[in-house]
Student: 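Below you will find the structure I want to go over with you.
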Amino acid sequence: MSTHTLEVAEAMCDRVAIIQHGKIVRRDRGTTCGSNNRAGYASLEELFLKLTGGAQVRDLVEVLGADGDRAA
């Protein structure tokens, strides 16, 4: 299965691979998801953002979000 909806992958899959720019950057067996979380991440989305640099982008959007709303 391939999906961009990480909540679906987390609910349905016992093995996941995170791909960035066509290369697998992380492969896990259920250890990053849900109650079996041993990697220290609250969700698969949090792990994805950490591995792909998206966490910094998300934080920046949150910080600039209010200013961006006013500028639009």
Side-chain angles (χ1 to χ4, degrees):
M1 178 178 108
S2 174
T3 183
H4 286 95
T5 309
L6 299 176
E7 292 171 338
V8 171
E10 196 168 35
M12 294 183 64
C13 302
D14 60 354
R15 293 183 294 166
V16 297
I18 295 176
I19 301 171
Q20 183 179 29
H21 303 295
K23 296 184 180 186
I24 294 175
V25 294
R26 178 83 174 246
R27 193 179 315 193
D28 279 305
R29 290 184 176 267
T31 59
T32 57
C33 304
S35 60
N36 294 328
N37 183 348
R38 292 185 195 97
Y41 297 98
S43 67
L44 184 57
E45 180 178 10
E46 184 180 331
L47 175 61
F48 173 83
L49 292 173
K50 172 75 173 162
L51 292 172
T52 61
Q56 292 88 3
V57 172
R58 182 188 59 194
D59 292 344
L60 183 59
V61 167
E62 287 177 8
V63 168
L64 298 176
D67 292 339
D69 290 342
R70 281 184 251 150

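What you see is a predicted model, and the numbers here were worked out from it, not measured in a lab. Only this structure's heavy atoms are used, side chains among them; waters, hydrogens and symmetry mates stay out.
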Student: Under the rule for side chain to side chain contact (heavy atoms under 4.5 Å, CB included), what residues qualify as partners of Q20, not counting sequence neighbours?
Tutor: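 Per chain and number, Q20 pairs via side chain to side chain contact (heavy atoms under 4.5 Å, CB included) with V25, T52.
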Student: What distance separates L49 CG from I18 CD1, expressed to the nearest 0.5 Å?
Tutor: 9.0 Å
Student: On a heavy-atom basis, which atom in E10 and which in L44 lie closest, and how many Å separate them?
Tutor: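 Heavy atoms of E10 and L44 come nearest at OE2-N, 3.0 Å.
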Student: Heavy-atom distance under 4.5 Å between the side chains of L47 and D28, does that happen here?
Tutor: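 SC-SC contact between L47 and D28 confirmed.
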Student: Can you list everything that forms a side chain to side chain contact (heavy atoms under 4.5 Å, CB included) with T5? Sequence neighbours excluded, please.
Tutor: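 Side chain to side chain contact (heavy atoms under 4.5 Å, CB included) list for T5, sorted by chain: T3, V8.
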Student: Work out which heavy atom in C13 is nearest to a heavy atom in M1; give both atom names and the distance.
Tutor: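 Smallest interatomic distance, heavy atoms only, reads SG-CE, 3.9 Å.
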Student: Out of curiosity, does L6 fall in the hydrophobic cluster containing M12 (side-chain heavy atoms, cut-off under 4.5 Å, transitive links)?
Tutor: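 The answer is no; the residues belong to distinct hydrophobic clusters.
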